[in-house]
Amino acid sequence: MSAASSPFNWKIRVYYEDTDTGGVVFYANYLKFFERARTEWLRSFGFQQQHLAETTGAIFVVKSTSVDYLSPARLDDELKLTVVVEKFRNASIEFVQEAWRLPSGNGAAGNNQEATLLARGRITVVCVDAASFRPQQIPAELLSRIKTAPGPTRQDAP
């Protein structure tokens, strides 16, 4: 019971601070990368998290995550992060996110000419009231924009 939307893409570069002593991205940093991409996905709809909190009292918290690590990212790699809404309800959104190494001759990966899937995650966020941390409905205007985003979407029963 899922509904994929068109992927939102966000590019980042791997910096020294993202890596371990071997120059490989530390595994937990993929969650940070995914968080940044979801924040930019939200901005693409014209919403900023701080403004949502101030005007509607709504904030998004991560309920669950799972990540499959397939290949390492390294220092100086350029990554493309994708965000796809797999399903949504009145107060939650389930995302599938991927991290891809983009082809380039500049990164530690060498002259790879094809994008390489590095990690795939499933992240569920819940909309909660900033004061009580109790679940609340996703603000109507945002929910409307998610529903009308390009690509098929599907709302699950509440």
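Note that these values count all heavy atoms, side chains included, but never hydrogens, waters or copies made by symmetry.
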Please determine whether residues [X] and [Y] belong to a single hydrophobic cluster, defined as Ile, Leu, Val, Met, Phe, Trp and Tyr linked transitively by side-chain heavy-atom distances below 4.5 Å.
X: Val62; Y: Phe88; result: yes
X: Ile59; Y: Ile146; result: no
X: Ile123; Y: Trp41; result: yes
X: Phe60; Y: Val128; result: no
X: Ile12; Y: Phe34; result: yes

Problem set entry | Heavy-atom pair of closest approach, residues Pro139 and Thr56 | CG-OG1, 3.8 Å
Exercise. So which heavy atom on Val126 is nearest to which on Pro135, and how close?
Worked result: CG1-CB, 4.3 Å
Please answer whether the main-chain N or O of [Y] pairs with a side-chain N or O of [X] as donor and acceptor at a distance below 3.5 Å.
X: Asp129; Y: Gln136; answer: no
X: Asp77; Y: Leu79; answer: no
X: Thr116; Y: Arg101; answer: no

Is there side-chain contact between [X] and [Y], with heavy atoms separated by less than 4.5 Å?
X: Gln137; Y: Leu143; answer: no
X: Leu42; Y: Leu142; answer: yes
X: Lys11; Y: Asn9; answer: no
X: Phe33; Y: Asp18; answer: yes
X: Glu141; Y: Phe47; answer: yes
X: Val96; Y: Arg120; answer: yes
X: Tyr27; Y: Val67; answer: no
X: Leu70; Y: Leu118; answer: no

Would you compute the distance between atom [atom1] of [X] and atom [atom2] of [Y] and round it to the nearest 0.5 angstrom?
X: Thr65; Y: Arg122; atom1: OG1; atom2: CZ; value: 12.0 Å
X: Glu86; Y: Glu94; atom1: CD; atom2: CD; value: 5.5 Å
X: Lys63; Y: Thr124; atom1: NZ; atom2: OG1; value: 6.5 Å
X: Ile93; Y: Cys127; atom1: CD1; atom2: SG; value: 8.0 Å
X: Asp20; Y: Arg74; atom1: CG; atom2: CZ; value: 9.5 Å

Exercise. side-chain contact (heavy atoms from CB on, under 4.5 Å) between Trp10 and Val83: does it pass, once the steps are laid out?
Worked result: CA-CA 8 Å; Trp10 185 254; Val83 179; over 6 Å; no
For this session: Sequence neighbours left out, what passes ring-ring contact (aromatic ring centres under 6.0 Å, His included) with Tyr69? Give chain and number order.
Result: Tyr30
Exercise. Take atom CH2 in Trp100; do more than 12 heavy atoms of anything else shown fall under 6.0 Å from it?
Worked result: yes
Exercise. Would you say Arg145 has more than 12 foreign heavy atoms packed within less than 6.0 Å of its CZ?
Worked result: yes
Seminar exercise, completed: In short, salt bridge (charged side-chain N to carboxylate O under 4.0 Å, His left out) pairs touching residues 36-50 with sequence neighbours left out are Glu35-Arg38, Glu40-Arg43
